[in-house]
Amino acid sequence: MKIFCLTNNKRYEITSIVKDGFSWSKSIDEFSQKLEFEVIDKKVPGYPINPVEEGSVIQIYNDDLLEFDGIVLSNVDDSYSVVDFAFYFSKNEEIYQFNEVAANICVEEVIKSLEGPVGEIDASDILIDKIYFEESAGSVISKIIEEIQVKSGEEFYFYYRKGQFHFKKYPTEVKNFEFNYYNKNYNLNSFVKSISKSSSIENMYNSVKVVIKNNKEDYYTETYSDGRNIKKYGIMQKIITVEAEKSEDSKPVGENFLKANSKVTKSLSLTIPYVKNIWDGDILKISNEEYEVDGFFRVISFTKTMKEIGLELIELE
């Protein structure tokens with residue numbers, strides 16, 4: 001693994017002056033990866049004492065794989081905080097107007113408005129008919145993602161990877177990883193360390209009231225509920241608004257919302273040896289008799305170091 005710094009149009013390899021223990025992380029509901037590292041306070045032959053400064057670009061390569069690519073935001077003494085380029089979507093406000101435009105086209109236009117390189121963009125049938133005023137580009141994309149999820153049940157996420165911005169549906173295929181030690185292959189589960197299990201109803205909603213509006217004063221409601229969960233956990237209700245001309249959407253909106261939210265969230269925390277190409281959103285098969293775990297889980301966040309990866313996962317039904 002090698003670390004590079006680009007400062008004032010010059011490229012330095014700084015691997016030798018970065019202290020052990022640096023890490024970078026990301027959560028699926030955040031756009032940016034974050035990197036924290038500290039440098040050794042000494043001169044390296046051929047380099048300045050330290051070429052890193054605010055605005056420097058930091059890149060981490062594992063062989064030919066670009067694992068991280070971002071900009072230095074701040075430093076305290078010899079410690080630095082870095083974020084990838086999705087950071088700029090939270091720092092730029094604009095006015096965006098979409099008239100019955102497919103959600104994926106809207107996101108692509110937002111990316112292009114910041115002159116960002118467009119990567120993989122998955123199609124969506126949801127049409128956006130809104131004006132976003134005095135909102136950051138990131139806030140607009142977040143609201144589009146939320147609207148897709150509410151109206152169709154499909155889950156999308158936005159991220160920066162390998163020099164491009166991507167807008168993708170959550171993966172549905174299971175990722176398999178193998179480790180080769182002494183000419184023998186082992187799967188991911190052979191190296192899982194100390195699993196921690198948890199469950200929560202904190203994010204549960206078991207009832208949704210869909211408000212169908214004709215105008216500001218004229219509206220009616222339809223309620224969709226999960227009676228069994230309400231009896232067990234008590235009522236937890238959300239209100240969602242649908243315009244009258246789209247009232248036929250109220251039933252799928254209500255049903256999709258309950259399907260996604262009327263459930264106990266079961267989570268795992270675990271650590272594995274470092275392996276390439278594990279990202280937030282990935283689906284992994286985790287089996288461990290000692291911890292009585294056997295199922296499919298989605299990575300919702302990761303923390304990577306040179307030697308290992310810490311993962312937070314949620315169980316899929």
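In this structure, the side chains of I141 and F31 come closer than 4.5 Å at one or more pairs of heavy atoms. Looking only at side-chain heavy atoms (C-beta outward), I28 and V299 stay at 4.5 Å or farther from each other. Considering only heavy atoms from C-beta on, F22 comes within 4.5 Å of I60 through its side chain. Using a 4.5 Å heavy-atom threshold, the side chains of I286 and L268 count as touching. Contact check for W279 versus K175: side-chain heavy atoms found under the 4.5 Å cut-off. Residues Y157 and D280 have side chains in contact (heavy-atom distance under 4.5 Å, counting atoms from C-beta outward). Within the 4.5 Å cutoff, side-chain heavy atoms of Y291 are placed close to those of S194. A 4.5 Å side-chain heavy-atom check between N288 and N189 finds every atom pair outside the cut-off.
Residues T221 and K209 approach most closely at CB-CG, 3.9 Å, considering heavy atoms. A137 approaches V110 most closely through the heavy-atom pair CB-CG1, 3.6 Å. In terms of heavy-atom proximity, I283 sits nearest to P171 at CD1-O, 3.3 Å. When all heavy atoms are compared, the tightest approach of A260 to Q149 is CB-NE2, 3.2 Å. Between T305 and S23 the shortest heavy-atom distance is CG2-CB, 3.9 Å. Counting all heavy atoms, side chain and backbone alike, A102 lies closest to S124 at CB-O, 3.9 Å.
The distance from the OH atom of Y96 to the OG atom of S139 is 10.5 Å, given to the nearest 0.5 Å. To the nearest 0.5 Å, the span separating CG on L270 from NZ on K197 amounts to 12.5 Å. E93 contributes atom CD, which lies 6.5 Å from atom OG of S136 (distance to the nearest 0.5 angstrom). With values rounded to the nearest 0.5 angstrom, S269 atom OG is found 3.0 Å from E312 atom CD. In this structure, CD1 on I278 lies 7.5 Å from NZ on K304, to the nearest 0.5 angstrom. A distance of 15.0 Å separates CZ in F68 from CZ in F4, rounded to the nearest 0.5 Å.
When only modelled atom types and interatomic distance are considered, Y159 and D84 share no side-chain donor-acceptor pair under 3.5 Å. Between the side chains of N229 and S262, at least one donor N or O sits under 3.5 Å from an acceptor N or O. For Y224 and E222, the side-chain atoms include at least one donor-acceptor pair closer than 3.5 Å. Between the side chains of S301 and S27, no donor-acceptor pair is found at a separation under 3.5 Å. There is no side-chain donor-acceptor pair under 3.5 Å between S25 and T303.
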Candidate pair N261 and N203, rule side-chain contact (heavy atoms from CB on, under 4.5 Å), full reasoning
CA-CA 7 Å; N261 295 280; N203 295 320; over 6 Å; no
Chi angles and distances behind the side-chain contact (heavy atoms from CB on, under 4.5 Å) call for L65, K162:
CA-CA 8 Å; L65 174 66; K162 300 177 183 177; 3.4 Å; yes
Residue pair L188, L284: steps toward the side-chain contact (heavy atoms from CB on, under 4.5 Å) verdict:
CA-CA 9 Å; L188 181 77; L284 306 177; 4.0 Å; yes
Begin with the C-alpha distance, continue with both residues' side-chain angles, and end with the deciding distance and a verdict on side-chain contact (heavy atoms from CB on, under 4.5 Å) for K143 and E135.
CA-CA 10 Å; K143 289 182 176 180; E135 293 194 55; 2.8 Å; yes
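Under the 30°/60° scheme for interplanar angles, the aromatic rings of Y88 and F85 are found to lie parallel. The aromatic rings of F158 and F165 lie parallel to each other, with less than 30° between the two planes, well short of the 60° mark.
Put simply, L66 and V57 are part of two different groups of oily side chains (I, L, V, M, F, W, Y) that touch within less than 4.5 Å, one to the next. Following chains of ILVMFWY side-chain contacts shorter than 4.5 Å, one cannot reach L311 starting from I314, and the two form parts of different hydrophobic clusters. At a threshold of 4.5 Å between side-chain heavy atoms, the hydrophobic network of Ile, Leu, Val, Met, Phe, Trp and Tyr places I230 and V210 in two separate groups. Linking Ile, Leu, Val, Met, Phe, Trp and Tyr whenever their side-chain heavy atoms come within less than 4.5 Å leaves Y61 and L35 in two separate clusters. The cluster map of Ile, Leu, Val, Met, Phe, Trp and Tyr, joined by side-chain heavy atoms under 4.5 Å apart, puts I195 and I300 in different clusters.
Under the 4.0 Å criterion applied to side-chain N and carboxylate O atoms, K26 and E30 are not assigned as salt-bridge partners. Between D122 and K169 there is no salt bridge, since no side-chain N of the basic residue sits under 4.0 Å from a carboxylate O of the acidic one. Under 4.0 Å is where a charged nitrogen must lie from a carboxylate oxygen, and between K112 and E108 at least one such pair does.
Y80 and F37 have their aromatic ring centers within a separation under 6.0 angstrom.
Judged by a 6.0 Å distance limit and a 45° cone about the ring axis, K285 is positioned over the six-membered ring of F296.
In this structure, D77 places its CG atom where only 12 or fewer heavy-atom neighbours from other residues, nucleotides or ligands lie under 6.0 Å away. Within a 6.0 Å radius of NZ in K276, more than 12 heavy atoms belonging to other residues, nucleotides or ligands are found.
Each of I128, I111, L127 was compared with C106 under the side chain to side chain contact (heavy atoms under 4.5 Å, CB included) criterion, and only I128 meets it. When each of K34, E54, E36 is paired with S81, the side chain to side chain donor-acceptor pair (under 3.5 Å) condition holds for E36 and for no other.
No donor-acceptor distance shorter than 3.5 angstrom exists from the side chain of N206 to the backbone of D226, with no hydrogens or angles considered. Counting only distance, with no hydrogens or angles, the side chain of D69 and the backbone of G163 share no donor-acceptor pair below 3.5 Å.
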